[in-house]
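Take a look at the structure set out below.
Just so you know, ligand 1 is whichever comes first in the structure, and atom 1 is the first atom listed for that ligand.
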Amino acid sequence: MKLLITGGAGFLGTRLARTLLARGVLAGRTVDRIVLADLVAPADAALCDDARVEVRTGDLLAMTAALRGEAFDGVFHLASAVSAECEADFDLGMRSNLDATRALLEALRAAGNVPRLVFSSSCAVYGSDPALPLPAVVHDDTLPTPQTSYGIQKFIGEQLVADCTRKGFVDGRSARLMTVSVRPGKPNRAASGFLSGIVREPLAGQPALCPVAPSTRIVLSSPARTVEGLIAVYEAAREAFGGRTALNLPALSVTVQDMLDGLRAVGGEQALALVRFAPDEAVARIVEGWPARVESTRAQRLGLQADADFESIVRQYVAEHPQAAALAR
Ligand SMILES: NC(=O)c1ccc[n+]([C@@H]2O[C@H](COP(=O)([O-])OP(=O)(O)OC[C@H]3O[C@@H](n4cnc5c(N)ncnc54)[C@H](O)[C@@H]3O)[C@@H](O)[C@H]2O)c1
């Protein structure tokens, strides 16, 4: 089978590609080819060197014209500008997240073979509107009222995927990802970036700023569980996925203090001492508007579970990136 991963050079795109290549099979079919489409080539040389991988670089919106005549069996649509970028640059978010998603769906429709498509939406579709305050626990059927441009673009993307599925253009499934932590490498421009930074940087012996209070409660998922979720959503039978609306991937609900406790358990007092609180109202406003507890009943029906606790997520990060975690014990 031939797969397309948009955003294939990103954090989750490369991890997903590596996982699919290692499995060799998706939904009972052999993975023969994976096209990684992104603004840049993946940094992972081994991934690019795999004979089954084809790297295409450029803006997705521009690339979609060429995709109109190309049939893919499956698509993971992960390309996206991130939350803080979309707040800072409205036009960038609309182009990268909305226009490109619509153009991609049009291209897949034009190809005419009804590919299966997973769209990576986000828990950022949820927010508190004065007329519709966010409930204490968000469920699959909680009405999203996004409070950021990024959240709005993701919610519209879900609806486009649902309608193109209803029309029979694609077999689409949208999954709302929780904030993925611990993200390796350099900080990105997501408002949630510190939720990895406050662990990753101290474990590497570097200082980190925390822009929100320790009592701030958020929902998280490890990289491994998140990729497992994307694959399970792809592999689910249409009836098992249930409907065309997006489902919530499983979420571990923790406070920032819980995260720091996990950091201390793995990196000791020395690592913890590297975290400094530096309140940033703009980031706090965005993050505090996101759900603090999420129920993922539909994902559980697909056999998916949240991570057990934050310490296990930190240990997973250290096991995968020992060279970047000098302070881990
Ligand atoms: N990581 C998280 O915490 C998280 C949480 C919720 C949802 N998501 C969603 O999951 C997906 C993957 O996230 P990630 O963490 O890997 O993000 P990432 O930023 O690491 O990867 C996204 C990739 O998309 C590419 N991209 C952006 N605009 C593009 C364009 N116009 N044309 C082509 N490529 C473009 C970027 O170059 C980047 O490599 C995104 O859709 C994101 O919104 C992620």
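- Taken to the nearest 0.5 Å, the OG1 atom of Thr245 stands 8.5 Å off from the CG atom of Asp141.
- A donor atom on one side chain and an acceptor atom on the other are not found under 3.5 Å apart for Gln159 and Asp163.
- The two atoms that bring Asp38 and Gly8 nearest to each other are OD2-N, 3.4 Å, heavy atoms only.
- Taking any N or O of Arg183, backbone or side chain, at least one lies under 3.5 Å from an N or O belonging to ligand 1.
- A salt bridge links Glu235 with Arg23: the closest approach of a Lys/Arg side-chain nitrogen to an acidic carboxylate oxygen falls below 4.0 angstrom.
- With respect to atom 42 (C) of ligand 1, the closest heavy atom belonging to the protein is Tyr150 OH, 3.6 Å.
- Between Ala81 and ligand 1, not a single N/O pair is under 3.5 Å apart.
- For ligand 1 and Ser121, the ligand atoms under 4.0 Å from any heavy atom of the residue are 7 (C).
- In terms of protein heavy-atom proximity, atom 21 (O) of ligand 1 is closest to Gly10 CA, 3.4 Å.
- Which parts of ligand 1 touch Asp59 is read off a 4.0 Å heavy-atom cut-off, strictly below it: atoms 30 (C), 31 (N), 32 (N).
- Of all the atoms in ligand 1, the ones that sit under 4.0 Å from a non-hydrogen atom of Ala9 are 39 (O).
- Looking only at protein heavy atoms, the nearest one to atom 32 (N) of ligand 1 is Leu60 N, 2.8 Å.
- Considering each of Leu78, Leu249, Thr57, Asp38, the one bringing a non-hydrogen atom nearest atom 12 (C) of ligand 1 is Leu78.
- Summary of contacts: the protein heavy atom closest to atom 28 (N) of ligand 1 is Leu39 CD1, 3.8 Å.
- The backbone N or O of Met1 lies less than 3.5 Å from a partner atom in the side chain of Asp32, making a donor-acceptor pair.
- On a distance-only criterion, Gly7 and ligand 1 share no N/O pair closer than 3.5 Å.
- Of all atoms in ligand 1, numbered sequentially from 1 with element shown, those under 4.0 Å from a heavy atom of Gly58 are 32 (N), 33 (C).
- The closest approach between any non-hydrogen atom of Arg176 and ligand 1 is not below 4.0 Å.
- Interface of Thr179 with ligand 1, defined as ligand atoms under 4.0 Å from a residue heavy atom, comprises 3 (O).
- Taking every heavy atom of both residues into account, Met178 and Leu220 meet most closely at CB-C, 3.9 Å.
- Taking each of Ser80, Ser96, Cys123 in turn, the one with a heavy atom nearest to atom 27 (C) of ligand 1 proves to be Ser80.
- Between Lys154 and ligand 1, at least one N/O pair is under 3.5 Å apart.
- Nearest protein neighbour of atom 13 (O) of ligand 1, counting heavy atoms only, is Leu12 CD1, 3.8 Å.
- A salt bridge is absent between Asp99 and Arg102: the closest approach of a Lys/Arg side-chain nitrogen to an acidic carboxylate oxygen does not fall below 4.0 angstrom.
- Of all protein heavy atoms, the one closest to atom 5 (C) of ligand 1 is Met178 O, 3.3 Å.
- Using modelled atom types, no side-chain atom of Asp140 and backbone atom of Leu247 make a donor-acceptor pair closer than 3.5 Å.
- Every atom of ligand 1 with a heavy atom of Val180 under 4.0 Å away is listed here by number and element: 1 (N), 2 (C), 3 (O).
- Here the rule is side-chain contact (heavy atoms from CB on, under 4.5 Å) with Thr64, and of Leu108, Leu104, Leu105 only Leu104 fits it.
- Side-chain N or O atoms of Arg293 include none that pairs as donor or acceptor with a backbone N or O of Ser253 at under 3.5 Å.
- Taking distance alone, with nitrogen or oxygen atoms compared against 3.5 Å, Leu177 stays at or beyond that limit from ligand 1.
- Between Arg56 and Met63, the shortest heavy-atom contact is O-CE, 3.6 Å.
- The shortest N or O to N or O distance between Phe11 and ligand 1 is under 3.5 Å.
- Seen from the ring of Tyr317, Arg200 does not count as a face-on cation partner, given the 6.0 Å and 45° thresholds.
- A distance-only check finds a donor-acceptor pair linking the side chain of Ser181 to the backbone of Leu195 [under 3.5 Å].
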